[in-house]
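Following: one structure in structure tokens, then a few remarks.
Chain A is the first sequence line, chain B the second, and so forth, proteins listed ahead of strands; every chain is numbered from 1. When reading the values below, keep in mind they use all heavy atoms of this one structure, side chains included, and skip hydrogens, waters and symmetry mates.
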Number of protein chains: 2
Amino acid sequence: MVTAKATSLDVARLAGVSQSAVSRVFSGASASEKTIAKVRAAADRLGYRPNAMARAMKSGESRIIGLLVAYLENHFYPVALEKLSNELQARGYHILIFMVPNNAEDIDGIVEELMDYQVDGIITASVSMSSNLTDRCAASGIPVVMFNRAQDGTGLSSVTSANVEGGRKVAEFLVAGGHQRIAHIAGWEGSSTGRDRALGFRLGLADAGVPLLAEIDGMYAREHAAEATRTLMARPDPPDAIFVGNDHMAFAVLDVLRHELGYKVPGDVSVVGYDDVPLAAWAAYDLTTLRQPVKRMVDATVETMLGQIEDPARPAQKTEISGPLIMRGSARIPKGWTQ
Amino acid sequence: MVTAKATSLDVARLAGVSQSAVSRVFSGASASEKTIAKVRAAADRLGYRPNAMARAMKSGESRIIGLLVAYLENHFYPVALEKLSNELQARGYHILIFMVPNNAEDIDGIVEELMDYQVDGIITASVSMSSNLTDRCAASGIPVVMFNRAQDGTGLSSVTSANVEGGRKVAEFLVAGGHQRIAHIAGWEGSSTGRDRALGFRLGLADAGVPLLAEIDGMYAREHAAEATRTLMARPDPPDAIFVGNDHMAFAVLDVLRHELGYKVPGDVSVVGYDDVPLAAWAAYDLTTLRQPVKRMVDATVETMLGQIEDPARPAQKTEISGPLIMRGSARIPKGWTQ
DNA sequence: GAGTGTTTTGCAATCGTATGCAAGGGGCAG
DNA sequence: CTGCCCCTTGCATACGATTGCAAAACACTC
């Protein structure tokens, strides 16, 4: 007898109890066995389920997390999104997803919309927030966790991989491989990840006494990375190794090197990426890359988020998770290094 | 003066009007210029925005669309999701996203959760629904649109590409290319897309009088497709052309053919996929494939969805959109065929 | 200035649930 | 049996908005 939609009052009447009894049964408050049984029976008969909207309105907790994503083109994000959604779903939360247009101006409007829905928290994936926005969220007591991006100055929690350390590892790896002319096609310098990876990379090279041949901002975009590759290889002293700011760009670099310019990888040039998206393991690319441990990053994000929801007073928390270098076939492997 | 959170009543008091006046200003009902100005000013000062939850509860319209997705591993879905989200956002709707676990049993529970949120509609992406579920949605008057999958018998709207026609086009293309031993690694036979593409392909071959060498269900999974490829190539009469049920599997097929078994593509074997995900155009794969016009499919999905929300009496609508064959480098191009 | 018609506005009820409060009921010790 | 305490239960209210209704304000015409 599943009619249009039953309310707690309908159930109450059918069960012969008060509406509050029904509410108590479904919100886990205390009730006698007898009442619980009667209510459950009636609810089943009517197909009743509590109205999440009404519940949210009354309690002020929507159990919805707003997710801001800039682009899904880079496979890292779909993968993260999938895990994030599963994890939150398991904890009884759900994701209201918002794509952020490239023009960073509109983001304020988007966040406003988010807040209209009384979201319990906001997770941003590779999105920066204006300080104005940060303040609003703080004022409303809405926790924010930045995933795969950090932002100094703001009091926001963030979860990233250990980007400086990661950049450094790549530098050590390339130096150990005996490369002489090392270049970097960097992640967007407007992002903390791009800057940190580049910084770590430069530090690592400096420590080894190897100069950085060139650095070009690839903007995390295929086209920019491809163009940067052409520029680099057109030099009189083209690089014999390129560290690329993320896998997504590295694929473009490999495409240009192999299929457009006819270079051998890693024979002529070694290429190293960053992320270790699934595609990096596919034979066509077989990309050596520094892995971002998505699962652990997601777990940390969820923990931080729920922690702050439970205790709004908890201070912001910046988590860095380090990942291993995954050696595959796109870069010469130094003697003695093993997986 | 952005305090915790202002309600319409706060605004009303500050503006010196009634709470209903505030409501009317923000819901676009008629009001005098003077009132509008006063309310707007007060609202700005308080940082007031209407509470979407409360609005949803009262009006019964949440302006939220539930989206059920099975997996994001196949790039077709992130791309579609991005467009879908943008499109709906532009129309004032938002997406509550749910990942459906592989065990199809749980899907009922997921849909229940969806309905708890009073979603205005449900879009499923490559997910099948039990008839039980279908009934519940119908009973609740919640429109459902299936994206990239159709289901007979249910009265549900669906938007797909013209899969039978598409399969046929591929058959004609391969036959025209002079291939003799043509095999098919099919999409999951439990899905309408997989079945229809295979059906069209067989029909096309039959019309041309060319036999189908073999057909294996690739389950839309990389590993299955890879294994199927090994099986096919181990035959005494290995195929000289393989039509693969979607790009995602086709990449695995190419990886195995080229890097594991050492075949030349398209020299030894031609490979054709289905979808035309961005990756298909990248040089490393350069995959000939039948394009599913995502943009148009998404548009149709949104139109159908909103149409049914506006007028619940509107009958279900099955849309099929045909796409072109995109000729790239993974399959021999018949003489005289041009892009 | 009175009469008529059209807006504008406020009052109050309502959506479906949660919860403080006080009354009711049951169990147990004395 | 009485008294005390604790667990259940129902009543009534609140959450923040929308909306029907009727009174009030306004605009015009005669």
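In terms of modelled atom types and a separation under 3.5 Å, the side chain of B:D10 and the main chain of B:A6 share no donor-acceptor contact.
Listed by first and then second residue, the ring-ring contact (aromatic ring centres under 6.0 Å, His included) pairs that reach into residues 110-137 of chain A are A:Y117-B:H94, sequence neighbours excluded.
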Give every donor-acceptor pair under 3.5 Å between a side-chain atom in residues 34-43 of chain A and any protein atom, sequence neighbours left out.
| residue | atom | partner | partner atom | Å |
| --- | --- | --- | --- | --- |
| A:T35 | OG1 | A:S32 | OG | 2.9 |

Donor-acceptor pairs under 3.5 angstrom involving side-chain atoms of residues 296-305 of chain A: please list them, not counting sequence neighbours.
| residue | atom | partner | partner atom | Å |
| --- | --- | --- | --- | --- |
| A:D299 | OD1 | A:K295 | NZ | 3.3 |
| A:D299 | OD2 | A:K295 | NZ | 3.1 |
| A:T301 | OG1 | A:M297 | O | 2.7 |
| A:E303 | OE2 | A:R91 | NH2 | 2.4 |
| A:T304 | OG1 | A:A300 | O | 2.7 |

Review item, side-chain donor-acceptor pairs of residues 309-320 of chain B, under 3.5 Å, at least two apart:
| residue | atom | partner | partner atom | Å |
| --- | --- | --- | --- | --- |
| B:D311 | OD1 | B:A313 | N | 3.0 |
| B:K318 | NZ | B:L156 | O | 2.9 |

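With sequence neighbours excluded, the residues satisfying salt bridge (Lys or Arg N to Asp or Glu O under 4.0 Å) with A:D116 are B:R49. The ring pair (Phe, Tyr, Trp, His ring centres under 6.0 Å) search around B:Y48 returns B:F26, not counting sequence neighbours. For A:D120, the side chain to side chain donor-acceptor pair (under 3.5 Å) partners are A:S62, not counting sequence neighbours. Residues satisfying the side chain to side chain donor-acceptor pair (under 3.5 Å) criterion with A:Q308, sequence neighbours excluded, are A:S157. Under the rule for a ring pair (Phe, Tyr, Trp, His ring centres under 6.0 Å), B:F76 has no partner lying at least two apart in sequence or in another chain.
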Seminar exercise, completed: Readout for nucleotides 16-22 of chain C: B = base within 4.0 Å of protein heavy atom, S = sugar-phosphate only, - = neither; 5' to 3' it is BBBBBB-
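Axis deviation across the helix from C:dG1-D:dC30 to C:dG30-D:dC1 amounts to 40°, comparing end segments of five pairs, rounded to 10 degrees.
First and last contacting nucleotides of DNA chain D toward chain A (any atom under 4.0 angstrom from a heavy atom, 5' to 3' order): D:dT8 to D:dG16.
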